[in-house]
Amino acid sequence: MAGQGLVTPGWIGTGKVRLRETGGAVEIAIDGLTTQAKYYKPLVYEFMRKEWASRPSWGDFVVEIRMEHVGDPPHIDLDNLAKALLDAIKGYLFHDDAQVARLLVERHEGERERITIRVFPRT
């Protein structure tokens, strides 16, 4: 994925939040981590409002959230992180988070601190 401030083909946005559509899925990358899950909601909401013109869809969705950390994992409750991120994308990708039929939230050690959200229709 692109580093902060770099323009990469297929990605929308050049700041902390970027988005791309690939293979029927929408992927959102957020650089950096904080222990405050509530930080992500306005960050993603503002990006979606300003950078990505889309109408929400009906139907069931799969949402995969991957938090990557360097070193010891931060003390972030994954359930609170998931709720904040689902609230942020609600109204842009789907109408209501009740449409999420499958939710996977996981933490991994990575090369950089980042959150990736992948959303696609459930088949």
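The two atoms that bring Lys90 and Asp97 nearest to each other are CD-N, 3.8 Å, heavy atoms only. Residue Arg18 comes nearest to Trp11 through the heavy atom pair CB-CE3, 3.5 Å, listed as atom of the first residue, atom of the second, then distance. Nearest heavy-atom pair across Ala37 and Ala84 is O-CB, 3.4 Å. Shortest non-hydrogen contact noted between Pro121 and Gly24 is CD-O, 3.6 Å. What you find for Ala101 and Arg122 is that their closest heavy atoms are CB-NH1, 3.1 Å.
Heavy-atom contacts from other residues, nucleotides or ligands closer than 6.0 Å to CG of Asp77 number more than 12.
With salt bridges taken as basic N to acidic carboxylate O contacts below 4.0 Å, one links Lys83 and Asp87.
Cluster membership check: Ile65 does not share its hydrophobic cluster with Val70, using side-chain heavy-atom separations under 4.5 Å among Ile, Leu, Val, Met, Phe, Trp and Tyr.
Ring geometry for Phe61 versus Phe94: interplanar angle of 30 to 60°, hence tilted.
Counting heavy atoms from C-beta outward, Ile28 and Leu85 have side chains that stay 4.5 Å or more apart. Between Met67 and Pro74 there is a side-chain heavy-atom pair separated by less than 4.5 Å.
Not a single donor-acceptor pair under 3.5 Å links the side chain of Glu68 to the backbone N or O of His108.
With sequence neighbours excluded, the residues that form a side-chain contact (heavy atoms from CB on, under 4.5 Å) with Glu64 are Val62, Arg102, Leu104, Arg118, Phe120. Applying the side-chain contact (heavy atoms from CB on, under 4.5 Å) criterion to Thr34, with sequence neighbours excluded, gives Gln36, Tyr39, Tyr40.
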